[in-house]
Student: 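Handing you this structure, nothing more for now.
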Amino acid sequence: MALDGLVIHSIVDELHKKLLGGKIDKVYQPENDEIVLHIRNNKENFKLVLSCSASNPRVYLASDYKKENPINAPMFCMLFRKYIQGGNIVNISQVDFERIIKISVESFDELKEKTTKDIIIEIMGRHSNIILTHSSNNKIIDSAKRIPPSVSRVRQILPGQTYVLPPKQDKLNPITNISLNSFVDTLSSFDGPIFKAIYSKFLGISPVIAKEICFRANIDENLLVSEISSDDISKIYKEFYNLFKHIKDNIYNPCMVIDTSIDKVLDFSCINLSLFSNLSIINDDSISKILENYYATKDIKDRIHQRSSDLRKSISIKLDRLYNKLNKQEKELIESENADIYKIKGELITSYIYMIEKGMESVEVANFYDPEYKNIKISLNTNFTPSENAQKYFKKYNKLKTAKKEITSQMEITKEEIDYLENIMLSIENCENLAELMDIREELGKVGYLRSKNNSKKETKLTTKPHEFVSSNGFKILVGKNNKQNDHLTLKVASNEDIWMHTKNIPGSHVIIKTEGKEVPDETIFEGAMLAAFFSKSKMSSQVPVDYTKKKNVKKPNGAKPGMVIYDTNNTIYVTPTEELVVKLKSKFDN
């Protein structure tokens, strides 16, 4: 899946039709690598998103853009406001057939003279960039990502330098008139499958477009170039020619391919992807809407992953220490359970004291505490008298006897802390927006795992929403995404007769089935358990145990950490979670 040359061509066409002549009213920079231009044209308002994110670079017109802007505008944003805010868009073009878009903006400078600036968006994976230049001499004003000589000796992107296009690829531009002979000659030099030859030899073609061309020609995409017949290569050329004739004429059919069984977008393009005809295909007149639908969730997920990396690392370190601590405590507990052996050794030394002399390393005596009266070898400290050796063993016995109770108590505390932090890790994975991540940071600050400016222990208002589903029998099912939501659902939302569910001894979400005074069928109990298992650490496991009881049986002990509760009189059901059921129950709610 990629923003290839074809998609860029269709984006430029759409922007050209809607934005040419438009005035840039406002400029915002919600992310370090993202600029949003508010444009007014033909009595319509548009939001143009320019992103050079390493994971999700893109350009599109947004219809539902909700990112908050920083209180203080970044320097790059201020430069945009200085040079292009209030200006008019005079041209939008694709550079050759590359993944580069150039937007030319005409505005007045400090001397009230008209000048033109170019916004160049390079969509090239982790090398993506947004660059502002003077149109007259290609001098760089600044860029979202500065590239000094220490990063690249070949091509620097720095203020004051002349902008130079990235090195050209040794490929043919498919928009130019390519004859059959030229097409054949170009592909014949490639050693490998025909679809790879197409995207390796021609600009702007992604692997899926190459496969689509082969599919339309009814030719096996994996057929080697050396084995393909002249008739077959003619069929491929015909589809290639027709496809790019439509592209040159700006005839597009933007679409998105979805595998409905897992509710996942598999691909998108500006042309109809007939090779995926067995899957669900959503078409739209606007390529921007296709891009927005695809990137909206993906971009947020990636940014959450990036912004939570320090948090996940910190918690992982704490968990590793706790696992080691628990392991040591378990060893100490096993040793304490064998405390009686030290008492026996002390008694035996006392009983056989007449056989022992100072300086002996060990003594072997009959163990009259053993039913079989077997001999036992007792190690001795050569510097101790027999009486002192006996006292050493009695002291060890008394210490372990006392320690057993303390170790058991400490192990419970360690296990509770491990459960809590594992729940936090799961909550981070379940985050769907940055507000939910902030909830987790706030919680960790309150319980002392992070430094927090706000040390208030007061419960803050819920700012994010839990998952909502509807069972096959019409019962509402609520699933918490983090501890704050879990506590809110269990302690504030659920009534005493509602069904409360949670995976047994496994970190996971609180699940509430709203009964509304009705008897809950087994099918709904099963579906609620499936959701509890799916939103738990055992999401990928089979036969996951899920406890369920009435909410009135669930209590939160005084001083318990967020999300931690105790319960009794519960039942247990075993389920194997599937994403298909989650999608089905979610779609029922959405409808």
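All values reported here derive from a predicted model rather than from experimental measurement.
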Student: At their closest point, which heavy atom of Ala529 faces which heavy atom of Ile573, and how far apart are they?
Tutor: CB-CG2, 3.5 Å
Student: Do you know which of Lys552, Lys514, Lys551, Lys550 makes side chain to side chain donor-acceptor pair (under 3.5 Å) with Asp498?
Tutor: Lys514
Student: So does Lys374 pair up with Glu372, basic N to acidic O under 4.0 Å?
Tutor: yes
Student: Going by salt bridge (Lys or Arg N to Asp or Glu O under 4.0 Å), name the pairs with one or both residues in residues 556-566, residues two or more places apart or in two chains.
Tutor: Asp487-Lys556
Student: Where do Lys446 and Glu442 land on the salt bridge (charged side-chain N to carboxylate O under 4.0 Å, His left out) test, with the steps shown first?
Tutor: CA-CA 6 Å; Lys446 284 183 177 180; Glu442 181 186 311; 3.5 Å; yes
Student: Name all residues meeting the side-chain hydrogen bond (donor to acceptor under 3.5 Å, both in side chains) criterion together with Asn56; count only those two or more places apart in sequence or in a different chain, and write none if there are none.
Tutor: Lys298, Asp302
Student: Are the side chains of Ile506 and Pro545 in contact, using a 4.5 Å heavy-atom criterion?
Tutor: yes
Student: Restricting to side-chain hydrogen bond (donor to acceptor under 3.5 Å, both in side chains), what partner residues turn up for Asn129, sequence neighbours left out?
Tutor: none
Student: Would you indicate whether Arg81, at its atom CZ, is surrounded by more than 12 heavy atoms from other residues, nucleotides or ligands within a distance under 6.0 Å?
Tutor: yes
Student: Does NZ or CZ of Lys396 come closer than 6.0 Å to the centre of the six-membered ring of Tyr342, within 45° of the ring's axis?
Tutor: yes
Student: Would you call Asn327 and Tyr323 a side-chain contact if the rule is heavy atoms closer than 4.5 Å?
Tutor: no
Student: Would you mind telling me which of Thr503, Asn570, Asn571 makes a side chain to side chain donor-acceptor pair (under 3.5 Å) with Asp547?
Tutor: Asn570
Student: Are Tyr397 and Tyr393 close enough that their ring centres sit under 6.0 Å apart?
Tutor: no
Student: Looking at residues at least two apart in the chain, or sitting in another chain, which of them share a side-chain hydrogen bond (donor to acceptor under 3.5 Å, both in side chains) with Glu417?
Tutor: Tyr449
Student: Looking at every heavy atom in both Gly480 and Pro466, which two are closest together, and how far apart are they?
Tutor: CA-CB, 4.2 Å
Student: So, Ser314 and Lys318: side-chain donor and acceptor under 3.5 Å apart, yes or no?
Tutor: yes
Student: Any heavy-atom pair between the side chains of Arg321 and Lys325 that's under 4.5 Å?
Tutor: no
Student: Under the ring pair (Phe, Tyr, Trp, His ring centres under 6.0 Å) rule, what pairs show up with a residue in residues 554-580, not counting sequence neighbours?
Tutor: Trp500-Tyr567
Student: Is it the case that more than 12 heavy atoms not belonging to Gln543 sit under 6.0 Å from its CD atom?
Tutor: yes
Student: Side chains of Glu31 and Ser53: donor-acceptor distance under 3.5 Å anywhere?
Tutor: no
Student: For atom NZ of Lys331, is the number of surrounding heavy atoms from other residues, nucleotides or ligands below 6.0 Å larger than 12?
Tutor: no
Student: Hey, what's the ring geometry for Phe368 with Tyr352, parallel, tilted or perpendicular (30° and 60° as the breaks)?
Tutor: tilted
Student: Taking only residues two or more places apart in sequence, or in another chain, which ones meet Gln410 in a side-chain hydrogen bond (donor to acceptor under 3.5 Å, both in side chains)?
Tutor: Glu406
